[in-house]
Amino acid sequence: MRTVFCFGLLALALGTVGLDFANAAVAQPGGPATAQSRRDAVRETTRRAWQAYVNYAEGYDELQPLTGSGINNFGGVVVTAIDSLDTLWMMDLKREFKQAVDMVRGVNFQRVSGDMSFFETGIRVLGGLLSAYELSGESVLLTKATEIGNILIKAFDTPTGLPVARVNARGPVADSVNVVLAEIGSNQLEFAKLSEFTGNATYQEKSVRVFDILSRVRTREAGLIPVHLNAQTGQLNGDYITFGALGDSYYEYLLKYAILTGQRDGLAGRMYTTAINSMKLSLVVNSSSRPDRYFLAARSNGNLEPTMQHLTCFAPGMLSLGSQFLGNNDDFVVAQRLMQSCIAFYRESQTGLGPEAVRFDYGDSASALDTDSLDLSQSASLARNGYVVSSPSYILRPETIESLMYLYRTTGDTIHQAIEKHTRTNLAYSSIKDVNSNNDKDNHRNDMPSFFLAETLKYLYLLFSDSKFYPLNEYVFNTEAHPFRIQKRM
Ligand SMILES: *[C@@H]1O[C@H](CO)[C@@H](O)[C@H](O)[C@H]1NC(C)=O
Ligand SMILES: *[C@@H]1O[C@H](CO)[C@@H](O)[C@H](O)[C@H]1NC(C)=O
């Protein structure tokens with residue numbers, strides 16, 4: 001449940017180019033924009049969204065873009081300004097970044113009236129401040145991060161050490177002991193960073209204890225933890241398991257905590273591997289009407305629930321990142337399969353934007369899909385695409401774009417690095433005998449086929465170039481990657 005109500009500015013900015021990016025990833029010929037112009041367009045979308053927030057909602061958490069008003073969904077801590085800080089910095093929007101920092105200066109977390117969500121405040125406010133502090137070195141950002149961190153850390157004051165769902169300046173909110181997996185399991189990166197920057201290890205220790213506690217929970221499927229728990233008693237409520245809302249970012253944080261701390265074989269990394277192995281066995285299924293389409297389902301009482309949410313489309317990116325970090329190619333195959341479905345959700349809609357949730361047909365279980373209730377166009381969609389849209393909204397979510405970014409970066413770039421590392425000789429580059437050998441010295445062959453220069457290096461170069469460079473609507477490549485200019489129609 002990374003972002004059940006995510007209206008982050010980054011999402012806003014990237015959302016508008018979602019289709020374009022999706023098309024680019026599958027190398028659609030015709031009218032491709034350049035990488036630079038795409039970057040510029042995204043930057044302009046960001047600037048425009050930011051300006052509207054400043055004009056119409058300064059001092060509030062979020063902008064209501066139709067009415068031009070502000071709304072406090074997170075206790076009135078200028079959440080949009082904080083969530084935008086690192087985006088503005090990365091896009092070199094300096095003036096806007098300074099505006100955001102000035103807004104942060106005025107926030108007083110002690111004065112927030114009402115309760116704050118431990119999870120949402122952690123990922124947006126604490127995370128946003130720490131990341132922007134690390135990028136920019138602006139000391140006020142760390143001061144504010146420490147202030148909110150000292151409030152949030154009180155959530156862990158329970159008999160089990162699991163954090164409650166809501167806090168305020170006085171401490172944990174007593175009636176918020178029913179918690180969800182994604183909320184208790186998605187704060188370890190932030191508190192680790194807060195410990196790193198303040199030199200106070202307490203934050204990280206309290207937060208990482210959640211992983212220790214969860215590692216001892218006995219579950220039906222190893223590593224897949226039911227999403228509802230009681231922070232007071234540590235008991236599980238029900239047995240709904242999912243990589244969608246309520247579960248998602250717990251699994252993401254196991255992996256990213258392992259990456260952040262550089263510990264492949266630490267507890268978090270091992271828990272991640274166990275969970276993903278179970279996921280592949282019991283939650284990844286293909287549609288019966290479109291067997292080539294794979295979905296990441298949920299389970300309740302052991303029964304498969306044939307639904308997939310937009311939120312779940314973060315999973316291909318996670319699997320791709322994890323496969324690279326852990327050297328597990330099998331996960332990358334699953335990542336690609338799920339990515340194809342997430343792209344399909346976008347490409348097969350009228351707008352080119354992906355829906356909030358779909359249902360697919362799986363096996364012949366009657367519970368799978370109530371086919372009698374479908375209208376004609378839904379039945380047609382089911383037969384053609386393997387799914388029907390069950391929730392048609394698109395709330396500016398990032399997950400599909402996020403995953404595309406990871407798949408793109410974890411393929412091309414690592415292949416090139418591996419070529420440099422393992423095929424490089426004193427003079428040039430050579431074929432190698434065994435891709436699973438860890439002895440580079442004896443692995444070289446005395447050849448360097450011409451297609452290395454003609455194709456391998458050229459395709460790598462094209463992959464990282466602007467798409468206006470030898471655009472696919474002007475050139476066709478022969479089977480040795482030699483480009484021929486497309487002929488004008490007579
Ligand atoms: C470290 O942080 C914790 C939690 O806010 C606090 O209770 C403790 O006093 C801090 N320790 C030091 C040495 O500042
Ligand atoms: C779909 O799943 C079934 C059952 O697991 C499997 O036998 C089949 O090979 C899959 N189809 C494709 C196209 O992958």
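Counting convention: from 1, in listed order, for ligands and their atoms alike.
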Would you mind checking which non-hydrogen protein atom is closest to [atom], with the distance to 0.1 Å?
atom	answer
atom 5 (O) of ligand 1	Asn150 OD1, 2.9 Å
atom 1 (C) of ligand 2	Asn286 ND2, 1.5 Å
atom 12 (C) of ligand 2	Pro291 O, 3.3 Å
atom 14 (O) of ligand 2	Tyr294 OH, 2.5 Å

Worksheet item: Do the rings of Phe211 and Tyr257 sit parallel, tilted or perpendicular, given the 30° and 60° boundaries?
Response: perpendicular

Worksheet item: Would you call the rings of Phe191 and Phe156 parallel, tilted or perpendicular if under 30° counts as parallel and over 60° as perpendicular?
Response: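 Because their plane-to-plane angle is over 60°, the rings of Phe191 and Phe156 count as perpendicular.
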
Discussion item. Looking at Tyr240, I'd like to know if the NZ or CZ of Arg299 sits under 6.0 Å from its six-membered ring centre while staying within 45 degrees of the ring's axis.
Written reply: no

Fill in: Heavy atom of protein closer than 4.0 angstrom to atom 7 (O) of ligand 2
no

Discussion item. Just verifying a value: how many Å separate Leu376 CG and Ser381 OG, rounded to the nearest 0.5 Å?
Written reply: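 Between Leu376 CG and Ser381 OG, I get 12.5 Å after rounding to 0.5 Å.
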
Item to complete: Please state which part of Tyr362 comes within less than 4.0 Å of ligand 2, counting heavy atoms only: side chain, backbone, both or neither.
Response: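 It is neither; nothing of Tyr362 touches ligand 2.
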
Discussion item. For atom 13 (C) of ligand 1, which of the options Leu152, Asn200, Ile153 provides the nearest non-hydrogen atom?
Written reply: Asn200

Worksheet item: What pair of heavy atoms forms the shortest contact from Thr160 to Gly234, and how long is it?
Response: CG2-N, 3.5 Å

Worksheet item: Regarding Glu62 and Asn73, is there a side-chain donor-to-acceptor distance under 3.5 Å anywhere?
Response: yes

